[in-house]
Amino acid sequence: MIKKVLIANRGEVAVRIIRACKELGLKTVAIYSEADITSLHTKKSDEAYLIPRDPIKAYLDYKNIIRIAKQSGVDAIHPGYGFLSENHEFAQACIDAGLIFIGPTPEQIETFGDKVKAKKVMKSLGLPVVPGSEEPIQSLEEAYDIAKDIGYPIILKAAYGGGGRGMRVVYDEKSLKQSFESAQKESLAFFGKGDIFIEKYIQRPKHIEIQILADKYGNVVHLGERDCSIQRRHQKIIEITPSPVLEPAVRNKMLGMSVRAMMKYGYESAGTIEFILDQNTNEFYFIEMNTRLQVEHTITEMVTGIDIVEQMIRIASGEPLPFVQNDITFRGSAIQFRINAEDPKRNFAPSPGRITAYHSPGGIGIRIDSAIYKDYIIPPYYDSLAGKLCVWALNWDRALARARRALDEFIIRGIPTNLQLHREIIRDEDFIRGDFDTSFLDNKLNEYSYKIENEVQKDIIALAISAAIASHYGL
Ligand code: MV4
């Protein structure tokens with residue numbers, strides 16, 4: 001068994017991994033940048049080492065990270081999500097240095113990092129894929145031919161892309177040239193490779209993903225699905241398990257196909273298979289495989305009781321999965337709300353700064369994963385995720401009620417956050433009915449903004465009143 005782990009990450013996920021290590025009796029080593037001297041992960045780990053580089057490069061400097069790992073005597077590195085988590089060269093460098101990379105093999109990371117290759121592999125393993133080009137497009141002429149063949153609308157995607165970069169939806173032949181060229185340019189600029197492929201565009205799909213755990217001995221289980229349709233600009237903000245409207249027959253087909261594909265492939269570690277679901281036809285299509293721990297793994301843990309980070313560590317240590325599919329039970333319904341340091345009134349611009357007041361909800365069925373605290377200053381260099389609120393209850397309706405209660409309890413002052421947006425969504429009739437797809441937030445934002453304004457004003461009035469009372473009593 002692994003005895004000491006370096007966490008090559010920061011923020012809430014670094015804290016999450018440290019917690020799993022502590023429960024397993026493992027020692028932990030944190031790394032941190034100069035911007036993260038006051039961050040929680042540096043305080044909660046047994047040891048912490050500064051990487052004196054610019055705040056982003058510090059967490060990508062894998063030569064330095066591996067050197068610290070060797071010097072501090074760890075036997076494994078957990079990469080968390082983002083940063084180096086899907087960098088196959090880093091995974092290989094860990095192995096070459098005699099360290100265990102807590103994740104899949106470098107080859108597996110590389111295969112699924114190439115979306116064209118991933119599609120080919122998954123198709124050969126029996127998963128349905130969206131009709132489109134089998135290879136990256138070589139010329140504009142080829143793009144016209146394939147688009148005509150499959151019919152508009154089509155979507156252009158970057159083979160090495162992510163976060164919607166290099167992605168373009170094309171509704172007619174007229175706009176193909178311009179979209180193709182700009183997608184290529186953007187892909188080259190962001191990913192160093194301009195490879196673009198084409199798919200039929202599925203309009204207003206649901207985004208459903210399957211959580212997989214697989215050990216080194218061919219044992220594979222699923223931990224159910226997550227509905228990740230509530231997103232803005234490819235940033236998920238709410239995730240739900242189980243999906244409140246997915247038909248059991250469709251769910252079972254998706255789960256069964258995913259497990260069989262991963263068994264045939266020989267995947268190991270935690271992984272997530274992403275599908276888009278066409279709600280008109282109930283057809284689903286594989287789009288991407290994520291070979292890392294995901295931000296939203298928490299809700300799966302709430303309904304299964306399985307600690308996914310613990311299992312990743314055990315799998316990497318060479319232990320077989322301690323359960324088979326039939327041992328896993330799914331209980332109730334869980335929702336995750338990503339609490340972001342961003343300002344909905346300023347087009348969701350990041351809002352780093354000092355937290356002047358912090359009170360997180362508690363009570364039955366609540367889980368908070370956060371790395372912020374009162375007087376913590378959120379640095380401006382990283383993504384805007386400040387924390388995650390997860391609620392669990394026996395069913396969807398009770399989870400909604402609990403979420404309303406918990407969101408209303410949450411107090412974060414000093415910086416704007418998206419808390420109020422969550423309070424609006426959770427009261428939305430369409431959301432409550434499960435009637436949402438990936439276009440939900442785009443359609444709703446105008447409707448909500450007026451209420452957000454009002455709510456903030458109420459908050460200011462409440463503050464003014466309490467200040468007046470305080471001064472009246474000489475407090
Ligand atoms: C799609 C799609 C519709 N049709 N593929 C792929 C990466 C992921 N981040 C979004 N992806 C999508 N792939 C086909 N063939 C819809 C999405 C999609 C999306 C597309 C444009 C704008 C917002 C979106 C939100 C979720 C999913």
Side-chain angles (χ1 to χ4, degrees), residues 81-82 85-86 112-120 122-123 127-137 143 146-147 149-172 175-176 179-180 182-183 186-187 190-191 195-210 225-240 243 246 254 271-292 294-296 338 348 383 385 425 431 435-445:
Y81 52 70
S85 60
E86 290 176 293
F112 292 114
D114 173 345
K115 291 182 185 153
V116 174
K117 205 191 267 179
K119 231 180 124 172
K120 258 190 256 177
M122 289 302 211
K123 190 177 174 188
L127 292 187
V129 298
V130 195
S133 64
E134 305 260 308
E135 298 290 338
I137 304 293
I146 292 170
D149 225 45
I150 59 179
Y152 291 87
I154 56 121
I155 183 166
L156 304 170
K157 294 182 177 182
Y160 299 92
R165 297 254 159 71
M167 197 143 95
R168 297 284 184 283
V169 178
V170 183
Y171 288 92
D172 51 42
S175 34
L176 181 59
S179 295
F180 182 69
S182 72
E186 193 171 300
S187 173
F190 276 96
F191 311 112
D195 293 6
I196 299 291
F197 65 105
I198 294 187
E199 285 181 351
K200 176 91 188 158
Y201 182 57
I202 310 297
Q203 302 195 52
R204 305 174 59 109
K206 254 187 184 300
H207 189 147
I208 308 279
E209 59 185 33
I210 307 294
E225 87 281 9
R226 296 182 288 255
D227 186 327
C228 303
S229 303
I230 307 293
Q231 56 83 40
R232 181 183 167 275
R233 307 227 168 136
H234 304 286
Q235 292 295 113
K236 298 166 185 169
I237 76 153
I238 296 176
E239 298 97 343
I240 300 157
S243 171
L246 190 60
M254 205 185 274
T272 303
I273 307 180
E274 289 188 10
F275 294 92
I276 46 175
L277 171 70
D278 186 335
Q279 292 195 93
N280 303 314
T281 62
N282 263 338
E283 294 290 331
F284 57 85
Y285 308 92
F286 164 78
I287 52 169
E288 282 173 36
M289 166 101 190
N290 300 315
T291 55
R292 61 169 189 277
Q294 287 197 268
V295 178
E296 60 271 28
R338 298 192 190 198
F348 297 88
D383 73 49
L385 184 71
I425 296 170
F431 179 80
D435 184 8
F436 51 81
D437 55 56
T438 53
S439 67
F440 178 87
L441 261 191
D442 297 334
N443 301 330
K444 293 285 185 181
L445 279 176

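It should be emphasised that the depicted structure is a prediction, and the values quoted were computed from it without experimental measurement. Counting starts at 1 for both ligands and their atoms, in listed order. Computed from heavy atoms alone, side chains included, the values below leave out hydrogens, waters and symmetry copies.
- Contact residues of ligand 1 (protein heavy atom closer than 4.0 angstrom to a ligand atom; sorted by chain and number): Val130, Ile155, Lys157, Met167, Glu199, Lys200, Tyr201, Ile202, Gln231, His234, Ile276, Ile287, Glu288, Thr438.
- Residues passing the side chain to side chain donor-acceptor pair (under 3.5 Å) test with Thr272, sequence neighbours excluded: Arg226, Gln294.
- Ring pair Phe284/Phe275: centre-to-centre distance below 6.0 Å.
- Taking a cutoff of 4.0 Å between a charged side-chain nitrogen and a carboxylate oxygen, Lys236 and Glu209 qualify as a salt bridge.
- Judged purely by distance below 3.5 Å, without hydrogens or angles, the side chains of His207 and Gln231 never pair a donor atom with an acceptor atom.
- Separating the OH atom in Tyr201 from the CD1 atom in Ile150 is a distance of 13.5 Å, to the nearest 0.5 Å.
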Quiz item: Going through the checks in order, is the side chain to side chain contact (heavy atoms under 4.5 Å, CB included) test met by Met122 and Phe112?
Solution: CA-CA 9 Å; Met122 289 302 211; Phe112 292 114; 3.8 Å; yes
